[in-house]
Amino acid sequence: MSNLKVAISQAQQINPSRPNYEKAQQLISHWELEIQGISYLERARFLASRGTVGALSAAIAEAQLIPMNNPRSLEARKEIGQWMSQIQIIEDSPYLEQAEQIALLGDINSLQTAITEARHIRRGRALYSDAQRRIAIWAASIEVIQDRPVLHRARLLAGSGKLGDAITTAKQIPMGRALYREARREIRKWQEEINAKQNWRMAKDISLWRTPQALVRAIHLASRIPRNHPLGLDTHIAIEQWSQQLLDIARSQGQSDVARGIKTAKLVPQGTTAYNIAREQIKTWQQVLKSIPQKIEGVIASTEEVIEEKVDGIRTQKSTVSTTNE
């Protein structure tokens with residue numbers, strides 16, 4: 001403030017005849033307003049330093065005396081906002097503290113009472129966001145208390161092998177509830193278990209047909225069961241056996257129909273012991289198929305030679321008979 005007073009004093013010394021006189025007068029008015037604003041702010045800050053609601057309210061009233069055209073207006077509005085927040089915190093903290101104490105009891109009625117208490121803090125108040133976070137936590141705690149027995153019953157049913165009933169029970173926990181995601185994880189796990197058992201049963205039944213198509217279908221169903229599943233070892237052994245059966249069928253077919261044998265051998269799934277053997281067998285059969293046209297050509301050529309020799313022989317005989325008759 002002292003610097004402003006010095007500046008005003010110096011500006012007042014500028015003669016009216018000087019070109020910058022009007023500018024100096026404008027600056028003097030500006031600085032005088034700023035000094036007035038500083039005075040109000042200093043008084044307001046002194047009052048606010050006491051920290052009581054009354055003192056803070058008085059500080060706000062003092063700062064509000066600074067008009068909008070004052071250079072310190074924005075600074076005053078910022079201070080006013082902070083002091084209003086302090087007043088709201090002082091006024092609303094008892095609600096939040098009381099709510100937290102009640103919530104410590106942990107039962108549904110206490111948690112609901114705590115929520116009601118915290119809702120006294122209205123939107124726009126300094127502690128509103130804090131109150132809403134606590135309300136959300138307490139509401140979730142109520143939902144957990146209410147829904148935990150449902151999920152517990154579902155797990156008991158699953159433990160006794162009643163997976164369908166377990167899923168139906170867990171689905172009673174609706175979307176948006178605190179335990180919804182946990183319930184959905186359990187439901188997915190139980191559904192996967194049901195699917196695994198169904199796939200395994202269907203795979204074993206289908207494999208009994210022992211046709212290539214049936215074995216491929218059985219292998220496909222069994223492959224859906226994860227290796228880390230309790231049935232994983234059984235399905236792995238079965239897939240190995242069924243793959244070997246596919247290879248055996250292909251070899252049997254290849255004895256009379258190489259192309260058919262190749263087609264069946266290609267159905268042996270990768271990753272099985274029989275797979276590499278099947279690929280080697282396919283290569284062997286493919287070489288056989290490639291050599292067939294050459295053999296046919298050789299047979300045709302030999303046949304043609306024999307025919308020509310016989311034709312020549314017949315011609316020779318006819319010629320001899322004609323000569324004799326003459």
Side-chain angles (χ1 to χ4, degrees), residues 147 150-175 177 179-290:
D147 295 342
V150 176
L151 193 54
H152 179 66
R153 286 198 303 273
R155 284 171 173 153
L156 288 176
L157 288 167
S160 63
K162 299 177 180 178
L163 296 175
D165 292 339
I167 290 173
T168 300
T169 301
K171 283 182 176 179
Q172 294 175 13
I173 301 173
M175 183 182 295
R177 301 281 287 183
L179 291 181
Y180 175 76
R181 290 186 179 179
E182 186 176 344
R184 297 309 297 182
R185 283 195 298 270
E186 295 288 359
I187 289 171
R188 282 194 296 271
K189 181 179 70 176
W190 298 330
Q191 189 61 58
E192 288 171 0
E193 181 67 21
I194 291 172
N195 293 342
K197 290 180 178 179
Q198 288 177 342
N199 287 334
W200 178 229
R201 183 170 60 253
M202 290 174 61
K204 289 189 294 183
D205 291 343
I206 292 172
S207 70
L208 296 176
W209 290 89
R210 299 187 184 281
T211 65
Q213 294 76 15
L215 292 170
V216 169
R217 178 61 177 164
I219 291 170
H220 175 70
L221 289 170
S223 298
R224 293 179 178 180
I225 302 171
R227 292 292 295 271
N228 60 352
H229 190 274
L231 292 173
L233 179 59
D234 292 339
T235 57
H236 174 70
I237 294 172
I239 289 171
E240 285 285 329
Q241 292 174 345
W242 297 333
S243 299
Q244 184 60 49
Q245 289 177 22
L246 273 174
L247 179 58
D248 293 341
I249 293 172
R251 283 171 169 167
S252 177
Q253 293 172 339
Q255 292 176 1
S256 59
D257 188 340
V258 173
R260 187 182 179 193
I262 290 174
K263 184 178 179 180
T264 300
K266 286 181 177 180
L267 299 176
V268 177
Q270 191 171 359
T272 61
T273 304
Y275 176 77
N276 290 331
I277 301 173
R279 303 314 292 182
E280 290 299 322
Q281 183 64 70
I282 290 169
K283 290 180 182 178
T284 302
W285 282 332
Q286 288 173 338
Q287 290 298 323
V288 170
L289 290 177
K290 288 180 181 179

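- Interatomic distance, CD1 of I187 versus CD of E182, reported as 11.0 Å (0.5 Å rounding).
- With rounding to the nearest 0.5 Å, the separation of CD in Q241 from OG in S207 is 9.0 Å.
- Residues A250 and W285 approach most closely at O-CH2, 3.2 Å, considering heavy atoms.
- Within the 4.5 Å cutoff, the side chain of R184 has heavy atoms near those of the K171 side chain.
- Taking each heavy atom of W242 and A218 in turn, the nearest pair found is CZ3-O, 3.6 Å.
- The minimum heavy-atom distance between I225 and A196, with the atom names listed, is CD1-O, 3.4 Å.
- With rounding to the nearest 0.5 angstrom, the OG1 atom of T273 is 11.0 Å from the CG atom of L247.
- At a threshold of 4.5 Å between non-hydrogen side-chain atoms, the residues R153 and V150 count as touching.
- Of all heavy-atom pairs between L246 and P269, the closest is CD1-CD, 4.4 Å.
- Minimum interatomic distance between E240 and G271 (heavy atoms only, all atoms of both residues): OE2-O, 4.1 Å.
- At least one donor-acceptor pair closer than 3.5 Å links the side chain of S223 to the backbone N or O of I219.
- Side chain of T264 to main chain of G261: no donor-acceptor pair is present (N/O by atom type, distance under 3.5 Å, no hydrogens or angles).
- The existence of a salt bridge linking K189 and E192 is excluded, since no basic side-chain nitrogen approaches an acidic carboxylate oxygen closer than 4.0 Å.
- A distance of 6.0 Å separates CG of L151 from CG of L179, quoted to the nearest 0.5 Å.
- Interatomic distance, Q244 CD to T272 OG1, rounded to the nearest 0.5 Å: 8.5 Å.
- With sequence neighbours excluded, the residues forming a salt bridge (charged side-chain N to carboxylate O under 4.0 Å, His left out) with K283 are E280, listed by chain and number.
- Residues H229 and E193 have side chains in contact (heavy-atom distance under 4.5 Å, counting atoms from C-beta outward).
- Atom OG in S252 sits 8.5 Å away from atom CZ in R260 (nearest 0.5 Å).
- Exactly one of I167, T169, T168, L157 qualifies for a side-chain contact (heavy atoms from CB on, under 4.5 Å) with K162. That residue is L157.
- No side-chain heavy atom of D248 sits under 4.5 Å from any side-chain heavy atom of R210.
- Only one option out of E186, Q191, R185 pairs with R188 in a side-chain contact (heavy atoms from CB on, under 4.5 Å); it is R185.
- The two residues V268 and Y275 come nearest to each other via the heavy atoms O-CD1, 3.4 Å.
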Self-check item: Step-by-step side-chain contact (heavy atoms from CB on, under 4.5 Å) determination, W190 to R155
Solution: CA-CA 10 Å; W190 298 330; R155 284 171 173 153; 3.9 Å; yes
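- The environment of R177 atom CZ is dense: over 12 non-hydrogen atoms of other residues, nucleotides or ligands sit within 6.0 angstrom.
- Between the N199 side chain and the N195 main chain, a donor and an acceptor come within less than 3.5 Å of each other.
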